[in-house]
Amino acid sequence: MTPRISSAADEYQPCHVDPKTWQLVADAVMDAIGRASRADSTSHRYRSHAAAFAVWANREGAAPDIEGIFRENLIERYIEVGMPDAKDSTRATRRAILRRIARKAHPETSIEPTPGPIAYRRVRAPYCAHEVAAYFSNAEAQPTEGRRNSLLAVLNLALGCGLGCGDLGWVRGIDIVRTDDGVEVAVGGRRARKVVCLSRYEDRLATLAATSEGNLLIGGSTLGRHNVTSVTLGRLLQDTSIPPLVVSRLRSTWLTAHIAATTPLPLIMRAAGLKTVRPLEDLLEYAPAYADADAARLLRQAR
């Protein structure tokens with residue numbers, strides 16, 4: 001295998017991916033980055049993007065070498081399905097970086113021009129009550145208290161407060177407070193806000209906060225750590241009778257509950273950290289239908 005070119009990348013140990021899988025693909029990633037750039041600053045910018053992609057690609061069955069990982073069709077599939085909770089701008093940036101690495105890693109292969117803007121993707125469907133119960137049962141069946149509490153925290157924060165993957169790494173026990181109005185969660189990060197938990201989840205969430213000793217509820221000790229949710233979920237004991245847990249679907253379940261409860265639109269958007277109503281439009285089909293009499297009463301009572 002070609003010697004690594006970038007000494008800065010040589011010692012890189014990513015904290016946002018599964019360490020065992022990383023060991024399998026590390027050489028290929030570092031060699032590819034070395035071919036793509038000799039500048040340490042560029043290598044630093046490329047490496048987290050390439051590491052996340054390579055670990056995903058290996059789990060999808062790609063061979064742990066440059067030829068197996070940095071393939072155009074695999075990059076495009078990763079951008080479309082391997083980053084379900086990423087913003088469009090993040091996916092566009094990662095695609096551009098991975099395509100550059102691929103071009104340099106395979107100079108003999110012609111890479112087509114970068115595709116146009118990434119199309120909007122519909123919000124994932126919510127879970128039904130039976131599926132939610134199954135995930136809580138899986139959480140209670142985890143072999144250690146730490147794993148059990150981590151999964152319970154994911155479920156209660158996402159289902160009770162609508163938190164997404166980008167929010168979960170910011171919540172500490174001290175950020176969860178019981179007030180006269182219920183249990184309130186102060187969320188940090190890009191979508192900083194305060195959210196009042198749905199009543200059916202508030203007691204369990206308050207208990208988790210009390211036992212966390214002020215630490216992060218989900219994984220590690222670094223506030224706002226990138227991709228902490230996927231790393232945490234990847235280490236849990238999986239129940240093969242249910243599909244792998246998707247945090248965005250938990251968030252959709254919370255959004256749908258508020259749509260069904262006719263929570264005022266500005267309140268939903270503020271609590272969810274939304275800047276557009278498009279996700280709510282996607283979920284309208286899952287809201288319950290109203291009887292004619294109820295529909296007439298609600299339409300007449302608008303203020």
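One-based numbering along the sequence shown.
- Two residues are said to be in side-chain contact when any heavy atoms from C-beta on lie closer than 4.5 Å; Val185 and Leu205 meet this criterion.
- A search for ring-ring contact (aromatic ring centres under 6.0 Å, His included) contacts involving Tyr46 returns nothing, not counting sequence neighbours.
- Side-chain contact between Trp56 and Leu74 is present, with heavy atoms from C-beta onward closer than 4.5 Å.
- Taking Arg191 as the reference, Asp167 meet the salt bridge (charged side-chain N to carboxylate O under 4.0 Å, His left out) condition, with sequence neighbours excluded.
- Listed by chain and number, the residues in a ring-ring contact (aromatic ring centres under 6.0 Å, His included) with Trp254 are His258 (sequence neighbours excluded).
- Residue pairs meeting the salt bridge (charged side-chain N to carboxylate O under 4.0 Å, His left out) criterion with at least one member in residues 138-148, sequence neighbours excluded, do not occur.
- Contact check for Arg95 versus Glu76: side-chain heavy atoms found under the 4.5 Å cut-off.
- When only modelled atom types and interatomic distance are considered, Ser241 and Asp239 share a side-chain donor-acceptor pair under 3.5 Å.
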For residues 154-163, please give each side-chain donor-acceptor pair under 3.5 Å, one per line with the distance, not counting sequence neighbours.
| residue | atom | partner | partner atom | Å |
| --- | --- | --- | --- | --- |
| Asn156 | ND2 | Leu152 | O | 2.8 |

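- Of the possible donor and acceptor atoms, one in the side chain of Glu131 sits under 3.5 Å from a partner among the backbone N and O of Cys128.
- With Phe136 as the aromatic partner, Arg204 meets the cation-pi criteria of under 6.0 angstrom to the ring centre and within 45 degrees of the ring axis.
- Between Leu217 and Asp175 there is no side-chain heavy-atom pair separated by less than 4.5 Å.
- Between Val55 and the options Val25, Ile69, Leu24, a side-chain contact (heavy atoms from CB on, under 4.5 Å) holds for only Val25.
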Enumerate, atom names and distances included, each donor-acceptor pair closer than 3.5 Å involving a side-chain atom of residues 196-203, sequence neighbours excluded.
| residue | atom | partner | partner atom | Å |
| --- | --- | --- | --- | --- |
| Asp203 | OD1 | Arg178 | NH2 | 3.1 |

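- Placement of Leu267 and Val195 in two distinct hydrophobic clusters is found when ILVMFWY residues are connected by side-chain heavy-atom separations under 4.5 Å, directly or transitively.
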